[in-house]
Number of protein chains: 2
Amino acid sequence: MKEKNSKNNRISLSEVARAAGVSKMTASRVLRGEGGYSEKTRDRVMEKVDQLGYLPNRLATVFAGDQSSTFVGVSIPDLGNEVFAQVLEGIDRKLGSFGRQTVLGLTQHTQQEEENWIRTVLSWQPAGLILTGRYHSPRATEMLRNAGIPIVEIWDLNSSPLDMSVGINHFDSGFDMGRYLTSCGYSNIGYVGTSHDTANAATTRLDGFCKAVEGGGGRVVKQLCLHDTATYYPGFYGTEQLLASGSGVECIFYQNDAMAFGGLQYCGSKGMQVPQDIGIAGWGDLPIASVIARRLTSMHVPHLKLGQAAAEMMIGRLNDEPVETCRDIGFRLIPGTTVRNA
Amino acid sequence: MKEKNSKNNRISLSEVARAAGVSKMTASRVLRGEGGYSEKTRDRVMEKVDQLGYLPNRLATVFAGDQSSTFVGVSIPDLGNEVFAQVLEGIDRKLGSFGRQTVLGLTQHTQQEEENWIRTVLSWQPAGLILTGRYHSPRATEMLRNAGIPIVEIWDLNSSPLDMSVGINHFDSGFDMGRYLTSCGYSNIGYVGTSHDTANAATTRLDGFCKAVEGGGGRVVKQLCLHDTATYYPGFYGTEQLLASGSGVECIFYQNDAMAFGGLQYCGSKGMQVPQDIGIAGWGDLPIASVIARRLTSMHVPHLKLGQAAAEMMIGRLNDEPVETCRDIGFRLIPGTTVRNA
DNA sequence: AAGCTTTAAGTTACCCGTAACGTAAGCATA
DNA sequence: TATGCTTACGTTACGGGTAACTTAAAGCTT
């Protein structure tokens, strides 16, 4: 019934060695190019390797030595959000160029999923982990501490990371947006986002945003946290809900650009003029934002670069190079044309 | 210098067993809940497991038995393309729910990258592979054949797959689009896409498209294959190039929606009316397409479902269930409002 | 030619679990 | 009381590589 698969019929090093008439150890040396064999022997072994189609078993190698694997576990909340897809792309490209492989985990923004994934992936002896976010469950934190491998926490800059951290200060980015909107003359401002119950970067942004708005004499009159994904359509109906509540909102800040596009679309469908009738500001600066007719007011974050930086820090640490433990990748406000100009 | 990391200081089963005063084997039985031990023993072992923070080493488990790992290798061309990000999300979610992990490989649309990745990932004894596309290098094909593990080729439906295949018939989808545009009264049609030298699904779509257009009495007067990524900006400048060549194009079909948005933007910036002055058709139906004011004429493909289906086929095969080897996930034409209505 | 070093191997032990088999104690049965 | 069966363990061997050690032969010195 349950047929044994793979391995059994795979060619092993012993078989190559036997075919070449040498010991396993000699074949191993040849394959690693470690020296200690004659040219004749090398050629004989390599000939058999090609002939038999031998593929080394890295599981055994890791197992044998004290080396850790070439895997790096990478946890990402979700890929529906283009931003994280780009971060992942940056990570995987860079890791790949250093001979490392990405083991993916989509945590769906929950600590429980993340914890489960961490447990599983650690059992595979990864060389290191790259995690999105700085908030982990207590059990996860304990496992991470005990793992004794390099860990990079990305996205949300963490001045006291588990190990290393790269990202931006979300509070500051929210603060800057709040200050900008205030400087544009808005004082009654709304917010549309999603809630994931747990603390996260979006919440931190909102905190910074409110602080700046209130500090500037304005008010965040309405905060809407939908139980939904942070995508276009929730942005659309979230805007509808917010405006229906009649709180005199002049401008809306969204959790991200996708939601802001939804809001833009809602306003357009109701004949409202942007920014004359209402201001719209997103966050994240999606690639499409730069090509759509109306330039969305947003906050640019170098996503690809962020991913690459995370991978570089990981590689550096794995190679025992000195690595800064905390790296701020920065952000940049995109004034755009969807809020009125002061 | 090169400090030994991980493993060495990780708690092993023997240590748990010793602490609990039983043999390794008994501890192993307890952890697998396989029976053959007393309650008292179980409690003692589990107490030590918690106390020492023992995490099993799956490498050793795989190694010990003849089982293969819980890894599934997944190769994807790139994540800048939202479409593939969604496919990957579908795959990883589904695999994860069955206790499998995704080992990612971004092939950047090249067979050489794919081949390198396949070689590496096979050395990790994956349970199976999910590959995007049906075209692989000869060496890759040989390795895949010899691997003796389930393989799902996705995206481009393949009636004679290496093992299993799920996707759509790109020729047909191009054909349908060609027929539709022809039926809208267009006869001088242009195409803007990218070339990756090798055969791929986009090329197949174009073939089907040309066939339908020519069969309907029209002509694909200008085909532009840029050496660039299939994203917004190349769509923008590709449109500029195409129109500058003055070939009297009435309508443009793009490799994907992102490029079509770029084209839409170019036309808008030049004061051209869509669809009065020129028709624009994309492919793929990006999520944003449904929320932008103007509904883009496109071809809808259920990306997430495609990914899930691929994962399901993989899981089915791994569980020795009967699995259809070829699954057509289908597509649907979105008439949209960016081409004129016949 | 004896003694030493280098080269090109082979041998052994080990990594961490699990399969397969062995065994001692407890209990029921004839 | 002898026999067989069950329960609850323990012991041994193994998987595919590699580190560390050993060995045999060849090359070099003096």
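Chain naming here is simple, since letters A, B, ... match the order of the sequence lines and numbering starts at 1 in each.
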Under 4.0 Å from OP1 or OP2 of [N]: is there any side-chain N or O of [X] that close?
{"X": "B/Y54", "N": "C/dG17", "result": "yes"}
{"X": "B/T26", "N": "D/dG10", "result": "yes"}
{"X": "B/R32", "N": "C/dA19", "result": "yes"}
{"X": "B/T41", "N": "D/dC9", "result": "yes"}
{"X": "B/S28", "N": "C/dT18", "result": "yes"}

**Message:** Quiz question: going by heavy-atom distance under 3.5 Å, is there a donor-acceptor pair between the base of C/dG10 and the side chain of A/R29?
**Reply:** yes
**Request:** Without swapping roles, check the side chain of B/Q125 against the backbone of B/S69 for a donor-acceptor pair under 3.5 Å.
**Result:** no
Identify the pairs formed between an N or O of the protein and an N or O of nucleotides 22-24 of chain C at a distance under 3.5 Å, and give each distance.
none

**Item:** 5′-ward residue of the pair B/P56/A/S23 relative to DNA chain C
**Value:** A/S23
**Prompt:** Starting at the 5' end of DNA chain C and moving along, which residue's nearest nucleotide shows up first, A/S38 or A/K24?
**Reply:** A/S38
**Asked** Do you see a donor-acceptor pair shorter than 3.5 Å between the side chains of A/Q101 and A/T70?
**Response** yes
**Item:** Side chain of A/Y37 (C-beta onward), nearest among C/dC15, C/dG10, C/dA9
**Value:** C/dA9
**Item:** Nearest-0.5 Å distance, CD1 of residue B/I329 to NE2 of residue B/H303
**Value:** 11.5 Å
